[in-house]
Amino acid sequence: MTSVVTVHGHEALSKALKEKSSNAYVVFYADPDENSMSWCPDCRNADPVLRRHLSRLPSDAQVIFCYVGDRPQWKDQNNSFRTDPVYKLTSVPTVINMATKDRLVEGQCIEDKLVKTFFSNGEDSV
């Protein structure tokens, strides 16, 4: 069964990835606001699409939902997720297959067919 965890911030993601399976996917989202909803409309729109297709991942996969910060933190061009050479994030939501480094970015995360293909047994990536 696919393992799903949620972390907040760069340090927590690094720790989670050290404990990961070799088949990890990281979903980067904007932090939730005081109403427990992401301040990012694209993240809110992508969430049900991404979650709908998690079952397509291999049973040994690990999915890490990682929050990148509140709006001011994310908009800061020195945000660690933007500057880290592994992630090089330019927008949220972003999903990265850590084994292949393939990714879905922003509007791609709400395209049902793209997400389905991306998550289908981890074989057919974009």
Side-chain angles (χ1 to χ4, degrees):
M1 182 175 182
T2 301
S3 164
V4 178
V5 297
T6 301
V7 298
H8 291 81
H10 196 270
E11 188 175 316
L13 176 59
S14 295
K15 182 179 178 188
L17 284 170
K18 285 180 185 171
E19 300 167 358
K20 71 171 176 64
S21 72
S22 60
N23 196 8
Y25 291 76
V26 181
V27 179
F28 294 94
Y29 278 162
D31 279 15
D33 62 17
E34 62 277 355
N35 297 316
S36 299
M37 293 182 63
S38 175
W39 57 262
C40 168
D42 292 331
C43 295
R44 290 192 305 267
N45 292 334
D47 191 62
V49 178
L50 294 171
R51 290 183 188 274
R52 179 169 49 248
H53 292 294
L54 290 181
S55 64
R56 297 182 179 282
L57 289 168
S59 60
D60 68 336
Q62 180 181 30
V63 177
I64 303 169
F65 285 92
C66 178
Y67 291 105
V68 300
D70 61 20
R71 188 179 185 98
Q73 290 169 324
W74 171 246
K75 295 295 183 180
D76 181 348
Q77 293 304 304
N78 293 316
N79 180 292
S80 58
F81 292 107
R82 292 180 180 275
T83 60
D84 188 305
V86 173
Y87 310 120
K88 302 177 201 164
L89 294 187
T90 58
S91 59
V92 288
T94 295
V95 183
I96 301 176
N97 175 331
M98 295 305 292
T100 66
K101 304 302 183 217
D102 291 335
R103 60 181 62 207
L104 294 176
V105 179
E106 208 167 13
Q108 293 176 323
C109 296
I110 62 169
E111 293 185 34
D112 200 67
K113 287 183 182 179
L114 276 177
V115 174
K116 179 180 177 181
T117 300
F118 191 79
F119 283 163
S120 290
N121 295 320
E123 297 169 357
D124 302 313
S125 50
V126 177

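Position 1 is the first residue of the sequence; numbering continues from there. The basis for the numbers below is simple: all heavy atoms, side chains too, and nothing from hydrogens, waters or symmetry mates.
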Any salt bridge between Asp112 and Arg52, counting N to O under 4.0 Å?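 Looking at Arg52 together with Asp112, the answer is yes, because their closest N to O distance falls below 4.0 Å.
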Look at the side chain of [X] and the backbone N and O of [Y], then say whether any donor-acceptor pair between them is shorter than 3.5 Å.
X     : Y     : answer
Thr2  : Pro58 : yes
Asn79 : Val68 : yes
Asn45 : Pro41 : yes
Asn35 : Met37 : no

When the ring planes of His8 and Tyr67 are compared, do they come out parallel, tilted or perpendicular, using 30° and 60° as the limits?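 It falls in the parallel class, under 30°.
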Return the [atom1] to [atom2] distance between [X] and [Y], rounded to the nearest 0.5 Å.
X      : Y      : atom1 : atom2 : answer
Asp70  : Glu34  : CG    : CD    : 10.5 Å
Ser120 : Lys113 : OG    : NZ    : 13.0 Å
Ser14  : Glu19  : OG    : CD    : 11.0 Å
Arg103 : Asn97  : CZ    : CG    : 11.0 Å
Phe81  : Asp76  : CZ    : CG    : 13.0 Å
Glu106 : Leu104 : CD    : CG    : 12.0 Å

Could you check if a side-chain atom of [X] sits within less than 4.5 angstrom of a side-chain atom of [Y], using non-hydrogen atoms only?
X      : Y      : result
Leu89  : Trp74  : yes
Met98  : Tyr87  : yes
Ile96  : Phe28  : yes
Val95  : Cys109 : yes
Val115 : Val49  : yes

With Tyr29 via side-chain hydrogen bond (donor to acceptor under 3.5 Å, both in side chains) - residues at least two apart: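 Only Asp47 meet the side-chain hydrogen bond (donor to acceptor under 3.5 Å, both in side chains) criterion with Tyr29.
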Who passes side-chain hydrogen bond (donor to acceptor under 3.5 Å, both in side chains) against Arg44, sequence neighbours left out?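 Arg44 satisfies side-chain hydrogen bond (donor to acceptor under 3.5 Å, both in side chains) with no other residue.
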What are the two closest heavy atoms between [X] and [Y], and how far apart are they?
X     : Y     : value
Gln62 : Ala16 : OE1-O, 4.1 Å
Arg82 : Thr90 : NH1-O, 3.8 Å
Ala30 : Ser38 : O-OG, 3.3 Å

Under a single-linkage definition using a 4.5 Å side-chain heavy-atom cutoff for Ile, Leu, Val, Met, Phe, Trp and Tyr, are [X] and [Y] assigned to the same hydrophobic cluster?
X      : Y      : answer
Leu54  : Leu50  : yes
Phe118 : Ile110 : no
Val86  : Val105 : no

Among Val92, Leu13, Val5, Thr6, which residue satisfies the side chain to side chain contact (heavy atoms under 4.5 Å, CB included) criterion with Cys66?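 Output: one option passes, namely Leu13.
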Count the heavy atoms of every other residue, nucleotide or ligand shown that sit under 6.0 Å from NZ of Lys88, and state whether that count exceeds 12.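 Result for NZ/Lys88: open.
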Which residues satisfy the ring-ring contact (aromatic ring centres under 6.0 Å, His included) test with His53, sequence neighbours excluded?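 His53 satisfies ring-ring contact (aromatic ring centres under 6.0 Å, His included) with no other residue.
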